[in-house]
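Encoded as C-alpha cells, the structure appears first; notes follow it.
These figures come from a predicted structure and were not determined experimentally. Order of the sequence lines fixes the chain letters, A, B, ..., with proteins taken first and strands second; residue numbering starts at 1 for each chain.
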Amino acid sequence: MPELPEVETIRRSLRDDLVGKVIDHVEVLEFKQFKGDPKQVAGKKITDVIRKGKMLTLVLEDSLFLSIHLMLTGQILFAEDGKNAIFKNIIPHTNSNKMPNTSTRIVVHFKDTSALYFNDQRKFGWMKLSDKIEETKSVDVLSPEFTLEYFKKSISSSKKPIKPLLLEQDKITGIGNIYDNDLLWEAKVHPTRKANSLSNEELEAIYNATVKIIQEGIKYKGSSAKDEMYVLPNSEKGSYQEHFKVYHRNGQPCLRDKATIERIELAGRGTFFCPKCQK
DNA sequence: CTGCGGTCCTGAAGGC
DNA sequence: TGCCTTCAGGACCGCA
C-alpha cells in the first residue's frame, strides 16, 4: 500500500513530469472522490509537487493546492500522450493498460495533451482542491523536525503497543503497515511491546530503524508486491518487496537468525515478526 | 482522553 | 466449473 516511500517516489517522478505544465481541465469520473470545484483549476500552472506523510500535493499558481491521498489502492499514472495513453508494463489489478480504464476515477488533462490518471480500485482515495495548504502538527519522518527527542516525546508515554502506535498519523506521519513491520524487526523490538515499557536504547533503536527502513524503501522506489496496486507514474514497479525483512514473510526464515517468521493480528492489522530476535 | 468497532469498496482467494 | 463467503486495510466517525 502507498506509504511514505511510495508517495515520495511518485512525488519525485511527478515533479519532473509536471512542474511548468498548465492544466486544461480535470475530468472527474467518480464524483465522491473529488472534493472541491474541479473547474477552478482550469488554466493553472503547476509550480511544485510536495509531500507530507502519505499526502501528495500539486502546488498550483494563485495559491491553489490539489492534494491527493492514495489510501489503500490508489495509483497515479502519467502519460505525455494523453490522447493515446498505453503503458508498456502491466498495470496491477486493472483491466487494461490503456488509460482511462475501469479503475480510473479522475483524469487531469494538461494543455499540451499530456494527462495524469488517478486510478483507485476500492474508491477509498481522494483528490481535494483547496486554497490553503493543510495545516497539521504532525511531523514527517524525513523532515528535520523528526528528531530523536521529538520521537521519544511523542510516543514514550503511551500505553499502546508500539506497532499500532506508529501507524497513527497525528504525531508522526508516513509510516504504514509494511515499513512498520520491517522497522520493528530492524530495531529488534517485538510489535506488541507497550510504548511506555521501552528503554531509552530501544526507543533510539526504533527511531534509527524508522529513518533507515523508510530510506531503504525510497532507495528501491517503494514496494510493488503482487497484491499491491502501487507502481511508479510510468507504470514501472518498485522493488522493495524483494527486500522485505518480515512483512509477508511468515513461515520463512528470519534473515538474522533463521527462526521462522510469525504472523499475528494486532489491532486489526497483519503483523509479522521474528519470535527469536524481536524482544 | 482512550479504545473499540463499524464504515467505505471491490477484486482475489478459498470453500464446497 | 461456479456460486457464495471471506478477506485485505488507512482514515475517520460515533459511541461507551
Sugar-phosphate, base or nothing in reach of A:D120, heavy atoms under 4.0 Å: nothing
Under 4.0 angstrom between A:R105 side-chain N/O and B:dT10 OP1 or OP2: no
Candidate nucleotides C:dA11, B:dC8, C:dA8, ranked by approach to the side chain of A:R122 - the nearest: C:dA8
Between C1' of C:dG9 and CZ of A:F272, the distance in whole Å: 12 Å
Under 4.0 angstrom between A:K159 side-chain N/O and B:dT2 OP1 or OP2: no
Flag for A:Q169-A:T173: side-chain donor and acceptor within less than 3.5 Å: yes
Side-chain donor/acceptor of A:R105 to backbone N/O of A:M127, under 3.5 Å: no
Spacing of A:L72 atom CG relative to B:dC8 atom P, expressed in whole Å: 15 Å
Interatomic distance where CZ belongs to A:F124 and P belongs to C:dA11 [whole Å]: 12 Å
Check: A:E6/A:Y179 side-chain N/O donor and acceptor closer than 3.5 Å: yes
Residue A:Q169, side-chain atoms from C-beta onward, closest of C:dG10, C:dA11, C:dA8: C:dA11
N or O in side chain of A:H69 less than 4.0 angstrom from C:dA11 OP1/OP2: yes
Residue-phosphate contact under 4.0 Å: A:K32 side-chain N/O, B:dC9 OP1/OP2: yes
Whole-Å distance separating the CG atom of A:L165 from the C1' atom of B:dG3: 13 Å
Phosphate-side-chain proximity, A:K160 and B:dT2, N/O vs OP1/OP2 below 4.0 Å: no
A:R11 and A:E8 ion-paired at < 4.0 Å: yes
Sugar-phosphate, base or nothing in reach of A:G125, heavy atoms under 4.0 Å: nothing
Interatomic distance, A:M229 CE vs B:dG11 C1' [rounded to whole Å]: 7 Å
Protein-nucleotide distance (A:L266, atom CG; B:dC4, atom P), rounded to Å: 10 Å
Distance-only donor-acceptor check, side chains A:D120 and A:T73, under 3.5 Å: yes
Atom-to-atom span, CE of A:M1 to P of C:dC7 - whole angstrom: 17 Å
Length of the line joining A:Q33:CD and C:dG10:C1', which is rounded to integer Å: 14 Å
